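Report on one structure; see the data block that follows.
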There are 2 protein chains.
Amino acid sequence: MTTVLAMRSERDSTAGHLAAEALRAGPQAAPRPETGSVTIAGQVLNFAQDSEIYAECSEVRSFYKVVGGVVRTCKFLSDGRRQIEGFHSAGDIFGLELGDTHGLSAEAVSDCTIVAYRWRGLSAAAARNDQMAPQVFQFAMQCLQRAQQHALLLGRRSAAQRVAAFLVEMADDEEPATVHLAMTRQDIADYLGLTIETVSRTLSQFERDRVIALPSTRHVVLEDRDALMALND
Amino acid sequence: MTTVLAMRSERDSTAGHLAAEALRAGPQAAPRPETGSVTIAGQVLNFAQDSEIYAECSEVRSFYKVVGGVVRTCKFLSDGRRQIEGFHSAGDIFGLELGDTHGLSAEAVSDCTIVAYRWRGLSAAAARNDQMAPQVFQFAMQCLQRAQQHALLLGRRSAAQRVAAFLVEMADDEEPATVHLAMTRQDIADYLGLTIETVSRTLSQFERDRVIALPSTRHVVLEDRDALMALND
DNA sequence: CGTCAAATTGAAAGTCGTCAATTATCGTGG
DNA sequence: CCACGATAATTGACGACTTTCAATTTGACG
């Protein structure tokens with residue numbers, strides 16, 4: 001199966017909008033290539049829960065967009081511990097790298113469907129004369145800002161602040177927000193730089209404080225989102 | 001006073017080398033513009049110790065290269081604490097951003113000299129038809145990798161591991177390496193996500209263990225660099 | 001030599017991690 | 001549909017590491 005990812009070449013949009021539109025466009029968003037647009041063939045792949053999408057230090061062959069399910073990108077330490085750099089769900093791009101080897105590994109948090117877009121580095125893309133570079137740059141800078149925000153969280157926040165930030169990050173805009181967690185407590189812990197026990201205890205404490213409700217382990221209702229947000233300035 | 005930053009337009013080099021050469025080129029590296037190269041005017045600025053170069057959320061007018069001295073880029077929390085994202089010394093670029101506001105603030109760790117290059121975003125640079133985009137992308141990805149490495153450090157390392165990583169990062173290639181610290185213990189603590197006391201205690205312990213020597217507070221001799229590196233896998 | 005800021009050191013407290021036990025959840029098969 | 005086993009999650013007790021608070025020492029500069 002093959003799909004297309006629209007890569008527009010208009011110059012009048014801002015770089016931000018260009019990238020946002022192009023990198024978020026799904027297969028369904030480009031039923032027919034528009035005049036002047038460049039399309040990139042993508043291959044749809046399915047991964048079972050906990051299967052590896054690519055390994056750290058493996059050769060970069062493609063970058064990826066999540067169609068369904070959730071993906072985690074992470075690093076491993078020699079002692080077996082993990083640092084999860086981020087979770088990626090429908091519409092998110094991941095695995096786009098400058099060098100020829102992946103700096104992180106990627107794994108399926110849940111069963112998921114992913115589109116792989118062939119990618120041989122920026123120079124190869126630039127040589128095709130398409131307007132991908134600004135979008136790729138935009139993407140890199142977004143990743144950078146998230147990474148810096150994450151470093152701030154890991155360096156300076158308490159366990160309660162980290163868990164609160166995670167819940168707010170995962171929540172939708174509804175009120176009260178219901179968060180469906182695709183990942184285990186271990187995943188959350190490895191994302192927040194905590195242990196599974198601390199995450200569990202913190203969630204329990206939030207529940208006792210009536211800040212959240214836990215109808216099931218994977219469903220969190222943010223009863224008092226303001227209280228959660230207030231924990232981080 | 002005005003200087004130039006060479007921005008080469010050759011296509012035959014790898015993206016990596018392009019960026020590395022162009023972004024590291026100093027005033028002295030481009031005595032005369034070469035045929036086919038694009039030059040960017042830079043303004044030399046001096047900043048006194050602890051003065052602000054730009055504030056978080058301030059408008060992006062330029063990006064910067066350090067000529068002399070050391071710069072820190074950091075974020076502030078509402079409680080007054082800081083997370084220093086990185087230190088930048090001679091030759092380093094900082095302050096290059098996608099959006100129109102800075103995501104971090106920049107301050108002079110020591111008295112320092114900096115070249116400011118006018119920068120109005122990638123689209124403005126791209127419109128001038130120079131070949132800056134790949135170099136900027138390369139730069140962004142390098143920052144991203146450093147930020148991810150830093151997140152790993154902050155999320156999963158003990159105080160001793162963090163201080164060891166910092167010393168190795170700051171060390172030159174000589175043996176034994178002598179590190180001249182331009183920053184205070186507080187700066188180091190805010191970079192490593194620790195307190196000033198913990199940094200001090202850890203350095204003292206390293207000294208007792210004969211891993212380092214401290215001829216003065218700002219001079220560290222890595223007596224046993226292997227031992228320091230062994231702490232992190 | 002005196003003053004002030006930076007750095008070090010000590011003692012106590014607190015947070016989070018570790019280890020262990022219990023409970024809950026989910027998938028599988030009877 | 002229920003029972004069972006395996007995995008995930010929770011909870012408790014304890015300990016280690018880091019922070020906090022406080023005092024002292026060191027170093028820079030007039």
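Keep in mind that the numbers below use all heavy atoms, side chains included, and drop hydrogens, waters and symmetry copies. Predicted model only: the values in this text are computed from it and were never measured. Within every chain, numbering begins at 1; the chains are lettered A, B, ... in the order of the sequence lines, protein sequences first and strands thereafter.
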So, under a plain 3.5 Å distance rule, would you say the side chain of A/Arg201 forms a donor-acceptor pair with the base of C/dT18? yes
Integer-rounded Å distance: D/dT7 P and A/Ile196 CD1: 14 Å
Tell me whether the side-chain N/O atoms of B/Thr198 come closer than 4.0 Å to OP1 or OP2 in D/dT19. yes
Taking CG from A/Asp190 and P from D/dA8, how many angstroms apart are they, rounded to a whole number? 13 Å
Using 30° and 60° as the class boundaries, would you call the ring planes of B/His102 and B/Tyr64 parallel, tilted or perpendicular? tilted
To the nearest Å, how far apart are B/Leu192 CG and D/dC17 C1'? 16 Å
Is the distance from OP1 or OP2 of C/dT9 to the nearest side-chain N or O of B/Ser204 less than 4.0 Å? yes
Rounded to whole Å, please give me the gap between CD in A/Gln49 and C1' in D/dA8. 12 Å
Length of the line joining A/Ile188:CD1 and D/dT10:C1', which is rounded to integer Å: 14 Å
C/dC19 base / A/Glu197 side chain donor-acceptor hit below 3.5 Å: yes
Measuring to OP1 and OP2 of D/dA9, would you say a side-chain N or O of A/Arg218 lies under 4.0 angstrom away? yes
In plain terms, say whether A/Asp50 and A/Arg72 are close enough for a salt bridge, that is, a side-chain N and a carboxylate O under 4.0 Å apart. yes
Atom CZ of A/Arg157 and atom P of C/dC16: how far apart are they, to the nearest Å? 13 Å
A/Leu203 CG to D/dA9 P: how many Å, rounded? 10 Å
On the 0 to 90° scale, with breaks at 30° and 60°, tag the A/Trp119-A/Phe63 ring pair as parallel, tilted or perpendicular. perpendicular
Of the nucleotides C/dC16, D/dA22, D/dT18, which has the atom closest to the A/Ala159 side chain? C/dC16
Starting from the 5' end of DNA chain C, give me the residue, B/Met183 or A/Ala160, whose nearest nucleotide shows up first. B/Met183
Using a cut-off of 4.0 Å on non-hydrogen atoms, how would the nucleic acid contact of A/Ser158 be classed: base, sugar-phosphate, or nothing? sugar-phosphate
Salt bridge between A/Arg157 and A/Asp233, side-chain N to carboxylate O under 4.0 Å? yes
Per nearest nucleotide of DNA chain D, the residue lying toward the 5' end, A/Arg156 or A/Leu214, is A/Leu214
Is there side-chain contact between A/Val70 and A/Ser89, with heavy atoms separated by less than 4.5 Å? yes
Are B/Thr217 and C/dT8 close enough that a side-chain N or O sits under 4.0 Å from OP1 or OP2? no
Rounded off to whole Å, could you give me the CD1-to-P distance for the B/Ile212 and C/dT8 pair? 9 Å
